[in-house]
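First comes the structure, then the notes that go with it.
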2 protein chains.
Amino acid sequence: MTKKNAGSLSVIGLGPGGDSQRTEEASEALERAQVLFGYAPYLERVPSREGQQRCASDNRQELDRARAALEQALAGKHVGIVSGGDPGVFGMAAAVCEAIESGPGEWRSVPVTTFPGVTAMLALAARVGAPLGHDFCAISLSDNLKPWEAIESRLRAVVSAGFVIAIYNPISRHRPWQLGRAAEILKEYLPTTTPVAIGRAVGRIEETVRIVELEGFKPEEADMSTCIIVGSPVTRIITRGELLPLVYTPRSMPTLKTSST
Amino acid sequence: MTKKNAGSLSVIGLGPGGDSQRTEEASEALERAQVLFGYAPYLERVPSREGQQRCASDNRQELDRARAALEQALAGKHVGIVSGGDPGVFGMAAAVCEAIESGPGEWRSVPVTTFPGVTAMLALAARVGAPLGHDFCAISLSDNLKPWEAIESRLRAVVSAGFVIAIYNPISRHRPWQLGRAAEILKEYLPTTTPVAIGRAVGRIEETVRIVELEGFKPEEADMSTCIIVGSPVTRIITRGELLPLVYTPRSMPTLKTSST
């Protein structure tokens with residue numbers, strides 16, 4: 001187990017938006033990196049530092065980006081890969097693991113540290129109240145890497161079981177109909193009044209947050225920067241006059257203990 | 001809608017551990033608060049500031065704590081309630097909403113801001129690789145506020161559907177058998193080799209993280225400060241010689257598109 005150089009790879013969660021929504025350790029890791037890899041719009045969010053090299057790449061190039069980063073780390077550089085939100089939730093951390101597993105054996109000797117961040121659903125939930133206050137799931141609607149049939153059956157499983165559902169990657173230019181289809185499926189199971197929170201670019205200047213009822217939900221409101229939280233049958237809305245309403249899922253469920261089952 | 005005083009309530013996510021795993025905006029909110037409410041061990045993690053009043057309370061007093069905080073905010077104070085990890089995930093944000101909904105009408109006029117944080121499952125996932133790299137759910141095993149039957153049926157629903165499962169509140173002195181029963185249920189569906197990550201006090205000095213296979217999982221390893229991530233049938237372990245193995249769930253699923261279904 002020879003380590004030629006003391007390179008390293010940091011997988012860094014930028015959080016949902018501005019610098020103030022990052023953890024301190026993530027900001028320090030950004031500062032330390034000699035080379036930073038990332039999807040271009042994410043790299044643009046990072047304060048620039050003299051002497052730090054930046055390698056921006058396209059949205060769909062996760063595996064190539066991870067490989068290039070591992071090569072530089074193996075060559076002795078302190079390398080950072082940035083990820084919006086949390087790298088572990090539909091982000092770069094899994095791509096780095098895939099690259100390591102499928103790459104040359106020496107890549108396994110690269111020290112990898114992941115710095116977690118506030119993922120989109122937590123940022124959106126904080127804006128609207130506490131919709132994730134009880135059991136919930138996170139599901140990506142992208143069928144680029146999994147069959148649509150699997151997404152449908154997963155949606156049916158969790159909506160039947162009463163989970164709140166956070167939807168990531170709801171829609172894109174190449175995936176125009178999937179969100180509408182998902183909404184149709186959810187409507188089969190949920191009351192028409194179920195609260196839905198739609199957050200676009202939460203934490204950034206262009207943030208928009210809307211609360212609607214499932215019946216009035218329009219897929220065309222979403223884009224690639226949108227996260228959607230669909231309540232469970234017990235999720236509630238509190239109206240507050242001039243203030244925005246609060247959406248929350250109670251911590252307790254109606255008890256079944258009086259039944260004999 | 002008369003606002004007698006300009007009080008406010010901030011619900012503040014402390015993140016998993018030390019100061020460096022908090023967001024900057026959460027640290028600023030802690031600093032601003034004139035009165036801080038919270039479960040005593042969480043309050044102890046917050047740097048003290050002269051002139052800031054602190055009200056520590058017991059673990060199970062969430063609703064009373066929320067009510068006391070709302071009263072102080074209505075009286076014109078800038079009040080903070082702290083929550084470990086993220087307040088929106090089995091934390092104080094839902095308790096605050098419940099208090100507002102069931103309380104006097106004037107509580108609805110209190111400005112409430114939630115500062116999200118890195119929740120336990122994200123911190124644990126970052127330590128071990130990327131187990132939450134694909135669809136996952138978060139479920140509390142506490143049957144204090146919901147019937148155990150509902151927990152069992154939810155576990156069956158998500159494990160059948162291929163979700164990775166993050167378990168919160170796995171065990172306590174008053175709930176000694178539930179985690180063992182949950183493990184039995186999961187073993188009915190998952191391969192014995194399914195990776196399980198067990199993280200205790202992740203991010204704090206007393207942190208311990210272990211990776212085991214489902215077959216060798218022992219409920220007695222967990223306590224109230226533990227979060228557990230149970231992989232899906234496609235979650236993998238990468239061995240790395242001297243370095244800790246990586247646990248990750250690939251972003252892609254085997255395609256079913258060649259089948260005729």
Side-chain angles (χ1 to χ4, degrees), chain A residues 1 15 19-25 86 88-89 93-95 97-98 100-101 108-109 111 114-119 122-123 125-126 129-130 132-133 135-140 145-147 149-150 153-154 157-158 160-163 238 240-242 246 248-253 255-257 261, chain B residues 1 15 19-25 86 88-89 93-95 97-98 100-101 108-109 111 114-119 122-123 125-126 129-130 132-133 135-140 145-147 149-150 153-154 157-158 160-163 238 240-243 246 248-253 255-257:
Chain A
M1 196 70 42
D19 296 355
S20 72
Q21 289 193 307
R22 268 206 305 274
T23 67
E24 197 180 305
E25 63 172 19
D86 179 78
V89 177
C97 291
E98 283 172 43
I100 290 172
E101 189 175 32
R108 298 190 183 210
S109 68
T114 298
F115 296 91
V118 172
T119 183
L122 303 187
L132 306 178
D135 303 334
F136 64 92
C137 69
I139 184 164
S140 166
L145 296 168
K146 64 183 163 181
E149 295 79 3
S153 66
R154 287 186 175 178
V158 288
S160 313
F163 284 82
I238 311 174
R240 296 192 298 163
E242 294 164 350
L246 292 169
Y248 84 103
T249 307
R251 300 166 304 148
S252 57
M253 276 174 69
T255 179
L256 303 179
K257 282 178 180 163
T261 54
Chain B
M1 196 69 43
D19 296 355
S20 72
Q21 289 193 307
R22 267 207 305 274
T23 67
E24 198 180 305
E25 64 173 19
D86 179 79
V89 177
C97 291
E98 284 172 43
I100 290 173
E101 189 176 33
R108 299 190 183 212
S109 68
T114 298
F115 296 91
V118 171
T119 181
L122 304 187
L132 306 178
D135 302 335
F136 64 92
C137 69
I139 184 163
S140 167
L145 295 169
K146 63 183 163 182
E149 296 78 3
S153 66
R154 286 186 175 179
V158 288
S160 313
F163 284 81
I238 311 173
R240 295 193 298 164
E242 294 164 350
L243 297 176
L246 292 170
Y248 84 101
T249 307
R251 300 166 304 148
S252 56
M253 274 175 69
T255 179
L256 302 179
K257 282 179 181 164

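Bear in mind that the values here come from a model prediction, so they are computed numbers and not experimental data. In the text below, chain A, chain B and the rest are named by the order of the sequence lines, each starting its count at 1.
- The most heavy-atom pairs under 4.5 Å with chain A, out of B:T23, B:V89, B:T114, come from B:T23.
- For the atom pair CG (B:L145) and CE (A:M253), the distance works out to 11.0 Å, reported to the nearest 0.5 Å.
- Residue with the most contacts toward chain B among A:D86, A:D19, A:T119: A:D86 (heavy-atom pairs, distance under 4.5 Å).
- For B:R154, the parts lying near chain A are the backbone and the side chain together; criterion is any non-hydrogen pair under 4.5 Å.
- Separating the OG atom in B:S20 from the CD atom in A:E25 is a distance of 4.5 Å, to the nearest 0.5 Å.
- Annotation for A:C97 and B:Y248: closest pair CB-CG, 3.3 Å, computed over non-hydrogen atoms.
- Only the backbone of A:R22 comes within contact range of chain B, judged by heavy atoms closer than 4.5 Å.
- Annotation: side chain of B:I238 is in contact with side chain of A:R108 (closest heavy-atom distance under 4.5 Å).
- Residue with the most contacts toward chain A among B:G133, B:G129, B:P116: B:P116 (heavy-atom pairs, distance under 4.5 Å).
- Both the backbone and the side chain of B:V118 come within contact range of chain A, each with at least one heavy atom under 4.5 Å from a heavy atom of that chain.
- For B:L246, the part sitting under 4.5 Å from any heavy atom of chain A is the side chain, from C-beta outward, and nothing else.
- Ranking A:V158, A:I100, A:I139 against chain B, the residue ahead of the rest is A:I139, based on heavy-atom pairs under 4.5 Å.
- In this structure, A:A94 and B:A130 approach most closely via the heavy-atom pair N-CB, 3.5 Å.
- The two residues A:C137 and B:F163 make their nearest non-hydrogen contact at CB-CE2, 4.1 Å.
- Note on A:A95, A:A125, A:G15: by heavy-atom pairs under 4.5 Å with chain B, the leading option is A:A95.
- Within the 4.5 angstrom heavy-atom criterion, only backbone atoms of B:T249 (N, CA, C, O) approach chain A.
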inquiry  = Before you tell me yes or no, could you show the steps for B:D135 and A:S140 under side-chain contact (heavy atoms from CB on, under 4.5 Å), namely the whole-Å CA-CA distance, both residues' side-chain angles and the distance that decides it to 0.1 Å?
reply    = CA-CA 6 Å; B:D135 302 335; A:S140 166; 4.0 Å; yes
task = Under the side-chain contact (heavy atoms from CB on, under 4.5 Å) rule, what do B:L122 and A:L122 come out as? Steps first, then yes or no, please.
result = CA-CA 11 Å; B:L122 304 187; A:L122 303 187; 4.1 Å; yes
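- Contact tally against chain A (heavy-atom pairs below 4.5 Å) for B:A157, B:A138, B:A161: the top residue is B:A138.
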